[in-house]
Protein chains: 2
Amino acid sequence: MTRRHEILAAAAEVFAQHGFRGSTTRRIAEAAGVNEVTIFRQFGSKEALLREAMVHMTDSAGLVVLPEIPSDPERELTEWSESFIQHLRLRSSIIRKTMGEIEERPEMSECASSVPTEASNELCKYLVALRRQGRTAEKFDPKTAAAMLMGAIFADAMGRGMMPDVYPQPKDKAAHMYTVLLLRALGVEIGSRRTTNKQAKRTKQLSA
Amino acid sequence: MTRRHEILAAAAEVFAQHGFRGSTTRRIAEAAGVNEVTIFRQFGSKEALLREAMVHMTDSAGLVVLPEIPSDPERELTEWSESFIQHLRLRSSIIRKTMGEIEERPEMSECASSVPTEASNELCKYLVALRRQGRTAEKFDPKTAAAMLMGAIFADAMGRGMMPDVYPQPKDKAAHMYTVLLLRALGVEIGSRRTTNKQAKRTKQLSA
DNA sequence: TGTGTAAGCAAGTAACTACTTGCATTTGGG
DNA sequence: CCCAAATGCAAGTAGTTACTTGCTTACACA
């Protein structure tokens, strides 16, 4: 049991550094402090091991959840964006590797796309709720708006390290800045806030 | 001469499909219709070949240039965004592979980051010019605004294929939609246009 | 105390890797 | 026509890869 998890963790780490082809069973065994043959007895093959490691990985996402009823969009969305960018930054290596191997190992990449897909739906729902509250001044397609914010965050998490000229802002302000830009694009008043009471009323009123 | 270019093209193609480790000299030779040994006599080593192929690649960027003096921001920026997203889509495989190998082969990845860096500067300059014309209603950091648009476009180009749920909009509308969102975020009036005469006056007036 | 299961160790296999060597063939310019 | 450079072909080298086998050791549980 413990051995299995040690090996899985080591496999994920080695994969993040070297990708599939670079993840030799020797390296994984060494990283796990385990004899190479144990890997084959436990998992059968390198591919099975790495597949299980990937699944095991995506289980532990743990994103901040957005409230069903928006109250303070700037604060709530910023917190969400920050948890999202942090999530991506912590996994940037493994994400890059996985993306690089979509063509060759699509099954492995598939399970990696579940996190952003769910995140997109969550964000989308929130934006629609904001619009229902009548707090967005402009017409917009929520999927596109969500894709824009998430895309900006994603690219920042992937590219900041290798292109400092493109990302001169401080690392810990970026998520907030993208969030503010998006809110402005939707015509949401920044800094505004709404009590749950008013929210309830407004929601009722609109749905009527 | 011709042989060299054939081999370079084949190398780029194979690299886009299989990455560095997967680009065996045999595969490249086969793809180029050339004997394997020719590769070594021409380039010395696999690494030298692939490095030269990468440099040769990044030469042919060919992005649309933005006008020094903005006139019709929606049109001009949309055209630019579309040429940028098309550029990324055409090279999505090779970009993913390159990104996946930053840690192991940083020199090769470096040359790939020159295109987005220059694009960011170009876009940034345009946004600053827009602001100087007094056509942006909101305060904004041009680098962050540029990063947001480019990030959204980048993520779209990389992820649309594998996450259709996140990108339900038609492929050929995406660039325009992101562009419009950004212009709104900056408070630029959409659909507005300005004659070169007025521009000149306004620019003078502001710089005074 | 016995027993089964998981682990380690040493060695080996067949395939693939980058790269080399020696020699025959083509090709293009003087 | 001649020569030199470029290319092809066949074979080989040394290293690495995933994976296997046979045997020994440690440990948990009954």
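All values reported here derive from a predicted model rather than from experimental measurement. All chains are named by letter (A, B, ...) in the order of the sequence lines, taking the proteins before the strands, and each is independently numbered beginning at 1. All values below come from the heavy atoms of this structure, side chains included, with hydrogens, waters and symmetry mates left out.
- One interatomic measurement links the two molecules: NE2 of B:His18 to C1' of C:dT17, which rounds to 15 Å at whole-angstrom precision.
- Across all strands shown, B:Val34 has heavy atoms under 4.0 Å from sugar-phosphate atoms exclusively, and none from any base.
- Listed for the A:Lys97 side chain is no donor-acceptor partner under 3.5 Å among the backbone atoms of B:Glu101.
- Comparing C:dA6, C:dG8, D:dT20 against the side chain of A:Phe40 picks out D:dT20 as the nearest.
- A:Arg4 forms a cation-pi arrangement with A:Phe43, by the criterion of a distance under 6.0 Å to the ring centre and an angle within 45° of the ring axis.
- A:Ile39 has its CD1 atom 15 Å from the C1' atom of C:dA6, to the nearest Å.
- Checking A:Arg27 against B:Asn35, the closest nucleotide of DNA chain D that is more toward the 5' end is the one next to B:Asn35.
- Using a 4.0 Å cut-off between charged side-chain N and carboxylate O, A:Arg75 and A:Glu79 make a salt bridge.
- If you measure from atom NE2 of A:His5 to atom C1' of C:dA6, you get 17 Å, rounded to the nearest angstrom.
- Closest to the A:Gln42 side chain, of the nucleotides C:dT21, C:dA18, C:dA6, is C:dA6.
- Candidate nucleotides D:dG8, D:dA18, C:dC9 were compared by shortest atom distance to the side chain of A:Glu36, and D:dA18 ranks first.
- In this structure a side-chain-to-backbone donor-acceptor pair under 3.5 Å is present from A:Arg27 to A:Gly22.
- To the nearest 0.5 angstrom, A:Thr136 atom OG1 is 6.5 Å from A:Arg131 atom CZ.
- Minimum atom distance to the side chain of B:Arg3 is reached by D:dT7, of the listed C:dA6, D:dT7, C:dT17.
- Taken over five-pair windows at either terminus, the axes of the helix from C:dT1-D:dA30 to C:dG30-D:dC1 are inclined to one another by 20° (rounded to 10 degrees).
- In summary, B:Arg89 and B:Asp156 engage in a salt bridge, as defined by a charged side-chain N under 4.0 Å from a carboxylate O.
- Taking atom CZ on A:Phe43 and atom C1' on D:dT20, their separation rounds to 18 Å, with Å as the unit.
- With A:Phe40 as the aromatic partner, A:Lys46 does not meet the cation-pi criteria of under 6.0 angstrom to the ring centre and within 45 degrees of the ring axis.
- For A:Val37, the listed nucleotide lying nearest its side chain is C:dC9; candidates were C:dC9, C:dA18, D:dC9.
- Summarising the geometry, the separation between CZ on B:Arg21 and P on D:dG15 is reported as 19 Å, rounded to the nearest angstrom.
- Side-chain proximity of A:Thr38 to the nucleotides D:dT20, D:dG8, C:dA7 is greatest for C:dA7.
- Separating the CD atom of B:Glu47 from the P atom of C:dA18 is a distance of 12 Å, rounded to the nearest angstrom.
- Looking at the side chain of B:Arg41, the nearest of the listed nucleotides C:dC23, C:dC19, D:dC19 is C:dC23.
- If you take CG of B:Leu49 and P of C:dC19, they are 10 Å apart, rounded to a whole angstrom.
- Atom pair A:Leu50:CG and D:dT17:P shows a separation of 14 Å (rounding to whole Å applied).
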